[in-house]
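Please read the structure below before turning to the comments.
Values reported hereafter were calculated over all heavy atoms of this structure, with side chains retained and with hydrogens, waters and symmetry mates removed. Letters go in sequence order (proteins before strands), and every chain restarts at 1.
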Amino acid sequence: MDVLDFVTKNLNPAQKDAVETLEGPLLILAGAGSGKTRVLTHRMANMIGQGVAASDEILCVTFTNKAAKEMEHRIYKILSDMGAVVQTQLWISTFHSFCVRVLRQHITLLDYKPFFGIYDSSDQLSQIKKVMTALDINDKMYPAKNFQSRISSAKMMGLSPEGLEKSSKRLMDQKTVEVYKAYEREMKKANSLDFDDLLLKTYDLFRMYPDVLQMYQKKFRYIMVDEYQDTNHIQYLLVQMLASAHRNLCVVGDEDQSIYSWRGADIKNILDFEKDFRDAKVIKLEENYRSSANIVNGATAVIKNNSQRKDKTLFTSNDPGDLIHVREEKNEYEEGRFVAKTIQSMMNEGEGSYNDYAIFYRTNAQSRVLEEQLRTMGIPYRLVGGVRFYERMEIKDMISYLKLSINPADDIALKRIINVPARGIGKTTIEKIEEYAAHKNLSMFEAAEKACEERLFNAGTTGKIRRFIDLMKDLQQNAQHLKLLEFFAVVLDRTEYLAALKKDESPESQARIENLEELDNAIAQFVQERGEESTLISFLEEMALVNDVDSLDQEQNSVTMMTLHISKGLEYPYVFVVGLEENLFPSARSAESDNEQDVEEERRLAYVGMTRARQKLWLTYAKMRRVWGQEQFNPPSRFIKEIPQNLIDFKTSAEAPRFMARYGSSSYDSDFGGTPKWGATSSDRNRARTQSYDDAQDFPDYENDGAGSAPFSKGMRVRHPTFGVGTVYATEGTGENFKVSVMFTDNTVKKFVVKYARLERV
DNA sequence: TCTCCGAGAGTTTTT
DNA sequence: CTCTCGGAGA
C-alpha cells in the first residue's frame, strides 16, 4: 500500500491534513482527546515512510518521558506494520533529556567536564544554603527558597547573573544577583548542572558556538514540539534557534491545557505562534473521541469562562453517557468514603477493573485521607507523585555515593554522606573542610585529603577522614570497570550502609532496606532495558530526569491516585475529581489573587481533570475540611457552578442545616440551589437539600453567638489599628474563642481573638 | 559528636 | 497536623 494511504487511513480530514503537511511552520491546536498523539506519530511515520527524512533527522520533543516512550513505541509499531525498516534511533525525548544528550557531547566547550552531575531542586537548595553561609547572608531574613525561585526564573528567562543585574534594580534582586553569582561559581566547581541549567547551558552553547548550532540545525531538518502551551521562554528560544534555518517546525498544543505557568510556562508561546511565523498554517483538531458527550460538554462549558484562549470548540459524536455526578459530603473523610464505596459497588457490578479508576486531587496532602478510606475497604491503589521515590533519604544517600563515585567534585553529595552511616566525622570537622576548600579553591574531597596530609586535624579525626577518602577512592576505581549492578552491590557493602540499617531493628530501617531493594530492582530493570548503554552516568541521569508517572505501568491492578497536574495526557474510564471547594480548587492563592489569569490557570486544570474521563466523571466536595488541623468551611468550587445544570446529577449526603446561616452572606446559593433546573435523576428531595449549599458555617455551635459578633470569614479584607489592612487567612474556634488569622500586606500572618482585637471590615 | 526534644514553618502544582 | 531544623545536654 502507498505510504500516504497507509498513514492517513482512519483519520478525519483535519487529522489527515496535519499528517500530510510536512513543510513549513505548522500549528496544530488539539483539543483534549482529539487524537493528538495519533496525529504526531502518523506524521512522523509519514516522513520516514516516504523518505522525506531519515529517522534521526526528526527531533520530537515531548513533555514527559512517559509520553516520549509511548510515542516511540507507537511509531515503531506503525512503521513495522508498514514494512518500513528503521536503521537509526529516533530522537524523541523531553527538552531536558535532549539537552543532556547535547551537553554530554559538547559541554567541554563551556568548560565543564562531560561527566557532569545533575542537581535536583533539593540539591539545589542545599547548594544555595551553602553559598549563603559563605556570603554571610541571614537565612531568616532572606529565605533560601526565595533565592531558589528567583534564580530559577532568571534562568528560565535565559538570564545570567549579569543579565539579571541589568534587568532589575530592586533591593532583593541585588542580593539575588550576589547569591546567583556565587551559586554559579559553586555549581561550576562541583561540575554540576541544575534542571534549568540543562536548558540554559544548551542555549549558551548554541549561542556561543554557531558551528555547533549549525550542525544540529542541519541534522534536525524537521522539528515537532508537543505540549507547546507548556513551554517556557528558554525552551521557546531553543526551538526558535533550532528551527530558524529550515522553519520546518510543527508545534502541537492546547492553550486550554496550559497548567504550568508557575513553572515558567508561557502561554503566549502558543497564542503568538502565528505572529512568530506569519506564514504558519493552523490546523484545529476539535473532535473529541475520548469522552462521552455530557463530559465533553460540561468541560467545554467550564473552559468557556476563560478569556486567554483561541477560538476553538470541542465537540463529539459520542453518546451522551451518564450525567456528570456531583457529590456533596460532610467532610473529607466522608468524601473519601464515598469514593471508595462507589468504586467498590461498581466493581461488584463488574464494571471494569481497578485499573480503570482514577482519583485526582489538587494537592498531594489530600491523598492521605483517601488512602485511608481505600485501605479500609480493601481497594488496591497506587500513588503517583507525592513523596517521590528518589527523594527518600536512603535513596538520596545511595545516589550521593554513586554521584560522588564519578564526580568527586560534587560537594553537596559529599556533605550528604561523609558521615552516613556515622563515621564520627562531625559538624565541626565538615565545616573546617569546607572552609579549607573555599580558601584553597579546591573541592571538599580534595581539601579533605590535603588537610589530612598537612595534619590539620588530630590523629583520631585524621584517621576517620582517611578511611572515608580511601573508601571513596576505592569506589571511584570500581565505578570505572564494574557493571552497574555489581557496583551497586559493592557500594551497599563497602559503605556499610546496609549493615548499619540492618543493625538498627526499627520498622523505619526495615522500610529503608525495602526501598533499597526497590532501588536495586530499578537498576536491574534499567540494565535490562538499556543493555550496553546502562552506564552509571546514564542511570543517574535517568534518576534525575524521569519522574514517577514515567514508570507508571498499567500492569498491576489498582486504582490510580494523582494530582491533577500529573493527570495531563492520561485517560481513564472512571474519574473522580475530589475537593472541588473554593480556596482549595481554585486554590486560595489564585482565588484571592487580583490577577484573573491565576484563576484561569486553575480553570484549565479543572478542564484537564474533567477531560481525562472516558465514561463516567464524579466531582466531589466536602462542606468541612481540616487544613493544618483547623476546620475550614469553603463553599463549593465555582467550577461546579460553571457546568450547565442539565448535565449534572447532584447528590448530597450532608445533613440539611438546622437553621440558616447567620453571618457571611452567601452569594452562592442564589444561583446554585435556588435554580430549579436539576438533572433528570435528581429528586425533589435532593433539590431541597441543595439549600445546604449556603454558607457552610451554619453549625449549631454558633447558635449562641451574638449576631454580628464575628462577621469574618476567609478571604475578607480587614483593617487592624496597628497592623493596617490585611486578608483573613483562616478562622478557628467558636463563640468567645473565635479567632482569625490575618495576612497583612507585608506577608506576615497574625492571629487575633476577634472579641479583643479591634478589627473592622474594609 | 550524637541524640533527643521543642519550636516553627508549611501546602499548590514538578521537568 | 506533620515534618524539618536547630539547639542543648550527655
Side-chain angles (χ1 to χ4, degrees), chain A residues 61-68 93-100 118-122 124-126 129 139-140 143-145 149 152 155-156 193-199 227 230-232 234-235 258-265 332 360-369 384-388 390-391 393 419-431 460-461 464 541-550 562-568 579 583-593 598 601-602 604-606 608-609 625-632 729-730 732 748-749:
Chain A
V61 186
T62 61
F63 194 67
T64 64
N65 291 287
K66 181 181 180 351
S93 69
T94 62
F95 272 105
H96 294 266
S97 308
F98 168 72
C99 289
V100 169
I118 300 169
Y119 277 17
D120 67 17
S121 40
S122 69
Q124 186 184 32
L125 198 62
S126 311
K129 283 184 181 157
D139 131 288
K140 285 263 151 40
K145 283 215 162 143
S149 70
S152 177
K155 287 187 175 183
M156 282 187 293
L193 302 183
D194 61 39
F195 283 141
D196 302 310
D197 279 337
L198 297 177
L199 308 171
E227 307 280 12
D230 280 326
T231 50
N232 63 30
I234 192 84
Q235 291 168 335
S258 167
I259 55 176
Y260 283 101
S261 75
W262 50 273
R263 206 170 83 189
E332 72 270 35
F360 303 150
Y361 34 81
R362 181 65 182 81
T363 67
N364 276 309
Q366 289 167 259
S367 72
R368 194 176 237 119
V369 173
V384 183
V387 180
R388 282 135 132 244
Y390 62 80
E391 274 168 19
M393 191 177 84
N419 200 32
V420 181
R423 302 190 170 87
I425 303 173
K427 206 161 60 180
T428 342
T429 313
I430 297 175
E431 264 167 31
T461 312
K464 289 171 189 163
E541 221 169 271
E542 175 108 348
M543 287 296 281
L545 296 179
V546 172
N547 72 37
D548 283 6
V549 215
D550 301 338
M562 63 180 83
T563 62
L564 286 150
H565 279 88
I566 307 184
S567 76
K568 192 173 74 163
N583 295 317
L584 177 62
F585 188 24
S587 73
R589 250 188 238 187
S590 65
E592 281 165 22
S593 162
D598 290 351
E601 176 139 329
E602 297 278 318
R604 290 193 289 268
L605 201 50
V608 167
R625 181 179 298 273
R626 245 172 225 287
V627 181
W628 301 335
Q630 290 187 356
E631 291 181 345
Q632 277 194 3
Y729 178 73
E732 68 180 283
T748 56
V749 176

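Residues satisfying the side-chain contact (heavy atoms from CB on, under 4.5 Å) test with S97(A), not counting sequence neighbours, are N65(A), S93(A), T94(A), L545(A). For R589(A), the salt bridge (charged side-chain N to carboxylate O under 4.0 Å, His left out) test picks out no residue, with sequence neighbours left out. Under the rule for a side-chain contact (heavy atoms from CB on, under 4.5 Å), the partners of T363(A) that lie at least two apart in sequence or sit in another chain are A365(A), Q366(A), L584(A). Taking Y260(A) as the reference, F63(A), W262(A), H565(A) meet the ring pair (Phe, Tyr, Trp, His ring centres under 6.0 Å) condition, with sequence neighbours excluded. For R626(A), the side-chain contact (heavy atoms from CB on, under 4.5 Å) partners are E332(A), E631(A), not counting sequence neighbours.
In this structure, of dT14(B), dC2(B), dT11(B), it is dC2(B) that holds the atom nearest to the side chain of N419(A).
Using a distance-only test at 3.5 Å, with no hydrogens or angles considered, a donor-acceptor pair links the side chain of E601(A) to the main chain of S261(A).
Mapped onto DNA chain B by nearest heavy atom, G426(A) and S587(A) fall at different nucleotides, with G426(A) at the one closer to the 5' end. Each of H96(A) and R423(A) was matched to the nucleotide of DNA chain B holding its nearest heavy atom; the match closer to the 5' end belongs to R423(A).
Between R589(A) atom CZ and dT11(B) atom C1' the separation is 8 Å, expressed in whole Å. Atom CG of L605(A) and atom C1' of dT11(B) are 15 Å apart (whole Å).
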Filtered N/O pairs between nucleotides 1-9 of chain C and protein, under 3.5 Å:
from, atom 1, to, atom 2, distance (Å)
dC3(C), OP1, R368(A), NH2, 3.4

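For the pair T429(A) and dT1(B), the criterion of a side-chain N or O lying under 4.0 Å from OP1 or OP2 is met. Considering only side-chain N and O atoms, T428(A) lies under 4.0 angstrom from the phosphate OP1 or OP2 of dT1(B). Regarding contacts with the backbone of dT13(B), a side-chain N or O of N364(A) is found under 4.0 angstrom from either OP1 or OP2.
When heavy atoms are screened at a 4.0 angstrom cut-off, F63(A) is found touching the sugar-phosphate backbone but no base atom. At a threshold of 4.0 angstrom between heavy atoms, the contacts of E602(A) include nucleobase atoms, whether or not backbone atoms are also involved. Residue contacts shown for D196(A) are absent, as no nucleic acid heavy atom lies under 4.0 Å away. As judged by a 4.0 angstrom heavy-atom cut-off over every strand, S590(A) is placed among residues making no nucleic acid contact. The residue S97(A) sits apart from the nucleic acid: no heavy atom pair falls under 4.0 Å.
A salt bridge does not link R263(A) with D230(A): none of the charged nitrogens is closer than 4.0 Å to a carboxylate oxygen.
Residue ring and base: W262(A) counts as stacked with dT13(B) (centre distance below 5.5 Å, interplanar angle below 30°).
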